[in-house]
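Notes follow once the structure below has been shown.
Computation of the quantities below employed the complete heavy-atom set of this structure, encompassing side-chain atoms and omitting hydrogens, waters and symmetry-equivalent molecules.
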Amino acid sequence: MNSGPEQYSSELSPRSPWKATVEVMLFSLIFCALAAIILAFPLGGVELSMVWQRAAVAVSVASEHIGVTLGVYATTFLAFYGVVIGAQINRSRMANQTQRFLSLTSELLFGTLAPAIGLITIACIENPSRAGALFAFLPATAILFVVATVLGTFLVFSESERRDSLRRALSQVRQNQMVLPRAGRYGMPVIFCHAATLAVIGTLITGIFNGWTIQPSIMALLGSMYFVVAGGFAAGSAFAVISRQTTQDAFDKVFGTVISVIIFSAGAFLAVSSLLSGLWSVTISLVAMIVLSVSSARTKYARLRNATIYGAATHVSAQSISTELSRIKKRLRELNGEPEGIWLPRSTQIRNIDTSAIRIPRS
């Protein structure tokens, strides 16, 4: 099989530059947010009044090294670009993996440069004596952004890789479909109603233990707070259930559990803080909301599946699996050049999944 440049370039055509642009900007925002957190929460304490002073110090340090940094980045990006489009990578057995690695690395590298770019730009705008540096700084930054975006367009997979990946995903989705328990009749409405019910319960508990002496406006504000917290509990519980039902990957399952644990840990922190502040009625309300959310997410009784978070989350999982199954089938048809309306026999229809839209060929 010929592995020359012509076949390689035809199989791996670059993707839209807009997708790469969005990724570069997203990475830049992430690293800017991390830089802001570092400036606002240093090891010495949390004093927001000192943020601008720390930023000024960071600007002075960044200004001293930005010229060398831009030069290193430019050289690195040009080397990446030469490797990606050069003839040496076209003949490499690891061409696809190397190309994607360099493309993603270039996007991340520009993202790491974004905090320094933002700080220096703000400093130049606020201090007119430094404004002249923008005429040399911004064009160089724009060039790096363009090169990083162009490199990001090569973050693609070949047709054979995409086809194999889709087939593996199809097998995994079918397996998830087979083991999915019977779902509840409703999905998100039940989760929303669960959050509203918990908010009402929490408000009633607080009102009862305080003898209804709290002003109505404060009770309404407290009920709104309970609704937000209960919504987090319900969403965290549902997300943990959905992550276990819609994937066989251990990392995804652990990730869903970790997110749920973080949400409930935040709720426990609020409960402990309320107790230490003497608001024991609020603590009781939060504990009751946590217990009821966990219980609803763990209840698997068939008769209660239409009213529990577990049944609602299973409904959402069934919808997600059905949507993912249709998407994978469509993409496989597009890769294989098959017409619409040709697909699976009846034996693949599984309970809980609406297969009315799938056409079954008549014998």
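From I309, atom CD1 reaches atom CD1 of I242 across 10.5 Å, with rounding to the nearest 0.5 Å. Interatomic distance, CG of L26 versus OG1 of T21, reported as 12.5 Å (0.5 Å rounding). Here the straight-line distance linking atom CG of L109 with atom CZ of F77 works out to 5.0 Å at 0.5 Å rounding. We find the CZ-CG distance between F80 and L102 to be 5.0 Å, quoted to the nearest 0.5 Å. A distance of 6.0 Å separates OG1 of T203 from CG of L222, quoted to the nearest 0.5 Å. The CG atom of N210 sits 6.0 Å away from the CH2 atom of W280 when rounded to the nearest 0.5 Å.
Hydrophobic cluster membership is shared by L292 and F209, with clusters built from Ile, Leu, Val, Met, Phe, Trp and Tyr side chains linked at under 4.5 angstrom. Under the 4.5 Å side-chain contact rule for hydrophobic residues, L286 and I201 share a cluster. L108 is not connected to V72 by any chain of hydrophobic side-chain contacts under 4.5 Å among Ile, Leu, Val, Met, Phe, Trp and Tyr, and they are in different clusters. Both V200 and I218 sit in one connected hydrophobic cluster of ILVMFWY residues. Membership requires side-chain heavy atoms under 4.5 Å apart, directly or through other members.
Proximity of a side-chain donor or acceptor of S103 to a complementary backbone N or O of L151 within less than 3.5 Å is detected. At least one donor-acceptor pair under 3.5 Å links the side chain of S285 to the backbone N or O of G202.
Here the shortest heavy-atom pairing between A240 and S243 reads O-OG, 2.8 Å. Contact detail for A268 and I290: the closest heavy-atom pair is N-CD1, 3.9 Å. V282 and Y226 get closest at one heavy-atom pair: CA-OH, 3.5 Å. A230 and L198 make their closest contact through CB-CB, 3.6 Å (heavy atoms, listed as atom of the first residue, atom of the second, distance). Considering every non-hydrogen atom in both A238 and A313, the closest pair reads O-CB, 3.9 Å. Residue S293 comes nearest to A234 through the heavy atom pair OG-N, 4.5 Å, listed as atom of the first residue, atom of the second, then distance.
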task = Please test M188 against V316 for side-chain contact (heavy atoms from CB on, under 4.5 Å), starting from the C-alpha separation and ending with a verdict.
result = CA-CA 7 Å; M188 295 304 298; V316 175; 4.2 Å; yes

key: Audit row: S28, F110, side-chain contact (heavy atoms from CB on, under 4.5 Å) steps and yes/no   = CA-CA 7 Å; S28 299; F110 186 87; 3.7 Å; yes

message = Between H194 and T197, does the side-chain contact (heavy atoms from CB on, under 4.5 Å) criterion hold? Intermediate values first, please.
response = CA-CA 5 Å; H194 188 276; T197 302; 5.7 Å; no

task = Under the side-chain contact (heavy atoms from CB on, under 4.5 Å) rule, what do L78 and Y73 come out as? Steps first, then yes or no, please.
result = CA-CA 8 Å; L78 290 177; Y73 273 59; over 6 Å; no

Donor-acceptor pairs under 3.5 Å, side chain of residues 270-278 to any protein atom, not counting sequence neighbours: which ones?
{"from": "S273", "atom 1": "OG", "to": "F269", "atom 2": "O", "distance (Å)": "2.8"}
{"from": "S274", "atom 1": "OG", "to": "L270", "atom 2": "O", "distance (Å)": "2.8"}
{"from": "S277", "atom 1": "OG", "to": "S273", "atom 2": "O", "distance (Å)": "2.9"}

Let me have the donor-acceptor pairs involving side chains of residues 139-150, under 3.5 Å, with sequence neighbours excluded, atom names and distances please.
{"from": "T141", "atom 1": "OG1", "to": "F137", "atom 2": "O", "distance (Å)": "2.9"}
{"from": "T149", "atom 1": "OG1", "to": "F145", "atom 2": "O", "distance (Å)": "2.8"}

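The ring pair (Phe, Tyr, Trp, His ring centres under 6.0 Å) search around F264 returns F233, not counting sequence neighbours. Taking the ring pair (Phe, Tyr, Trp, His ring centres under 6.0 Å) definition, one finds that F101 meets it with nothing, sequence neighbours left out. F227 meets the ring pair (Phe, Tyr, Trp, His ring centres under 6.0 Å) test with F192; sequence neighbours excluded. Residues meeting the side-chain hydrogen bond (donor to acceptor under 3.5 Å, both in side chains) test with T308, sequence neighbours left out: none.
Atom CE of M225 sits in a crowded spot, with more than 12 heavy atoms from other residues, nucleotides or ligands closer than 6.0 Å.
Between the side chains of Y81 and S106, not a single donor N or O lies within less than 3.5 Å of an accepting N or O. No side-chain donor-acceptor contact under 3.5 Å links Y310 and S295.
Residues M289 and V229 meet the side-chain proximity criterion, which asks for heavy atoms closer than 4.5 Å.
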